[in-house]
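All chains are named by letter (A, B, ...) in the order of the sequence lines, taking the proteins before the strands, and each is independently numbered beginning at 1.
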Amino acid sequence: MTQAEASTSRFALSDTAFELAPLRAALLSAQAGAYASFEGWVRDHHAGRAVLGLRYESYAELALSEGEKVLAEALERFAVVDARCVHRVGDLAIGELAVWVGVSAAHRDAAFAACRYIIDETKARVPIWKHERYADGAADWLHPELPAAG
Amino acid sequence: MTQAEASTSRFALSDTAFELAPLRAALLSAQAGAYASFEGWVRDHHAGRAVLGLRYESYAELALSEGEKVLAEALERFAVVDARCVHRVGDLAIGELAVWVGVSAAHRDAAFAACRYIIDETKARVPIWKHERYADGAADWLHPELPAAG
Amino acid sequence: MSRLTVLYFASLRDAAGTASESVEADARDLRGLYEILRERHGFVLPVERLRVAVDGAFARWDEAPRAGSEVAFIPPVSGG
Amino acid sequence: MSRLTVLYFASLRDAAGTASESVEADARDLRGLYEILRERHGFVLPVERLRVAVDGAFARWDEAPRAGSEVAFIPPVSGG
């Protein structure tokens with residue numbers, strides 16, 4: 001993700017670790033009294049199995065357009081000032097940041113609701129897949145029957 | 001707020017601007033897959049009036065104990081890993097950070113719910129008062145009939 | 001009669017012109033103490049909109065004032 | 001018969017052993033195309049659990065395969 005891409009789109013994919021401070025700063029606004037954010041971190045366990053690390057793969061073209069759609073829907077449904085989402089792709093270690101959502105709004109109801117909407121819809125619709133490596137030597141693509149609870 | 005205070009208590013008051021990165025970093029955990037945070041920023045308007053800036057005053061002794069109680073309740077009610085809250089006191093300009101809440105959890109339901117609980121209860125119960133200065137020259141303490149919507 | 005310290009915050013402090021004062025509390029309970037001080041300082045807020053704390057912990061309005069204690073009247077809060 | 005490109009992701013790519021291939025699509029619709037490729041590569045996922053995209057946009061399973069288009073079969077996603 002380059003700075004230019006970040007400034008022209010609300011949803012981005014990043015194949016390297018990214019800084020949160022500039023993403024948050026881009027949402028600062030004198031009209032906004034509330035800011036809600038969500039981060040997904042790589043956990044050391046999943047469904048009872050010890051996880052060593054994971055890889056995210058995306059269908060980038062469709063992920064970017066579907067992600068933008070999710071953000072546009074959030075801006076339309078909730079009284080927010082602005083919102084952004086960045087999702088990592090590639091190899092991630094335990095504890096690494098996998099996804100970040102930030103929303104600014106006049107009031108906290110809208111900030112929380114939009115933030116929740118964006119992470120829920122991103123997990124449910126945006127073509128990104130998680131490949132987990134387990135401590136027992138196995139590795140698997142996650143293709144949940146229903147959107148993941150994490 | 002000193003580092004020592006921050007590490008031994010979950011709720012803190014700060015009479016100067018504070019850095020978010022170390023607060024967030026203190027909540028990082030290999031067991032946590034979700035992190036929700038909320039920030040309150042000083043808005044340029046309130047109830048239709050232009051706001052120039054504000055001051056937060058607290059009854060520090062009671063604010064700290066009541067704030068800790070709110071955080072302890074959140075940890076008991078929701079399946080979270082850890083949670084923190086820092087509230088500014090003193091003079092703040094438009095756009096400045098007034099309050100920060102951070103919550104880490106295995107799953108996002110608990111992270112969002114606990115984050116919301118902490119900011120709602122803090123606004124409703126912790127003895128901190130906002131004094132707003134308006135563009136029309138007036139200034140007022142806010143003593144809401146009901147907890148503020150912001 | 002018991003001498004105690006009263007703390008004022010926010011609009012109560014502005015109205016009282018002081019953040020704290022030492023008072024002779026000749027009231028049966030904390031509610032009565034507030035009514036006396038409300039009349040003295042012209043506080044606008046009725047007791048129903050306040051909470052009361054004694055020595056740094058929330059207390060009940062029907063508690064008797066204790067000599068040497070620190071009583072705080074807590075106007076509706078507006079943090080966040 | 002129309003020649004088009006098929007993209008595979010995640011477990012479908014592992015099963016197919018390739019991220020994309022050029023195929024002769026002699027199927028009436030995209031559902032039929034998937035069933036042919038499922039049999040060829042031994043895909044485990046039934047069509048009901050997939051979505052389909054054509055040229056970078058979600059499409060309907062009853063659309064006819066278009067020559068020169070890029071068709072992607074989207075397994076259940078697991079981002080976040």
Chemist: Count the heavy atoms belonging to other residues, nucleotides or ligands that lie under 6.0 Å from CZ of Arg38(C), then report whether that count exceeds 12.
Modeler: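 Atom CZ in Arg38(C) is packed in, count exceeds 12.
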Chemist: Any donor-acceptor pair under 3.5 Å linking the side-chain atoms of Ser11(C) with those of His143(B)?
Modeler: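 Side-chain D/A pair, His143(B) to Ser11(C): present.
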Chemist: Output the residues of residues 39-46 of chain C for which the shortest heavy-atom distance to chain B is under 4.5 Å, in residue-number order; output 'none' if no such residue exists.
Modeler: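 So far as heavy atoms go, Leu45(C) are the residues that approach chain B to under 4.5 Å.
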Chemist: Do Trp129(B) side-chain atoms and Gly79(C) backbone N/O form a donor-acceptor pair below 3.5 Å?
Modeler: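 No; zero donor-acceptor contacts below 3.5 Å.
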Chemist: Give, for atom CZ of Phe9(C) and atom CD1 of Ile128(B), the distance between the pair rounded to the nearest 0.5 Å.
Modeler: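 If we round to the nearest 0.5 Å, Phe9(C):CZ and Ile128(B):CD1 are 11.5 Å apart.
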Chemist: Measure Trp141(B) against the heavy atoms of chain C and call it side chain, backbone, both or neither at under 4.5 Å.
Modeler: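 Side chain only.
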Chemist: What part of Arg55(B) gets closer than 4.5 Å to chain C, counting heavy atoms only: side chain, backbone, both or neither?
Modeler: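 Interface part for Arg55(B): side chain.
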Chemist: For Val77(C) and Pro127(B), which heavy atoms make the closest approach, and how far apart are they?
Modeler: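 Where Val77(C) meets Pro127(B) most closely, the heavy atoms are CG1-CA, 3.5 Å.
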Chemist: Which heavy-atom pair separates Pro144(B) from Ser78(C) by the least distance, and what is that distance?
Modeler: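 Shortest heavy-atom separation between Pro144(B) and Ser78(C) comes out as CD-CB, 3.8 Å.
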Chemist: If only atom types and distance count, is the side chain of Tyr56(B) paired as donor or acceptor with the main-chain N or O of Gly80(C) below 3.5 Å?
Modeler: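 Here the side-chain-to-backbone pair exists.
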Chemist: With only heavy atoms counted, which part of Glu39(B) is less than 4.5 Å from chain C, the side chain, the backbone, both or neither?
Modeler: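 Looking at Glu39(B), nothing touches chain C.
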Chemist: Measuring from atom CZ of Arg51(C) to atom CG of Leu62(B), what distance do you get when rounded to the nearest 0.5 angstrom?
Modeler: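 It is 8.0 Å, given to the nearest 0.5 Å.
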Chemist: So for Ala10(C), is it side chain, backbone, both, or neither that comes closer than 4.5 Å to the heavy atoms of chain B?
Modeler: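 For Ala10(C), heavy atoms of backbone and side chain both lie under 4.5 Å from chain B.
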Chemist: If I compare all heavy atoms of Ser65(B) with all of Gly56(C), which pair ends up nearest, and what's the gap?
Modeler: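 Ser65(B) and Gly56(C) have their closest heavy atoms at OG-O, 4.0 Å.
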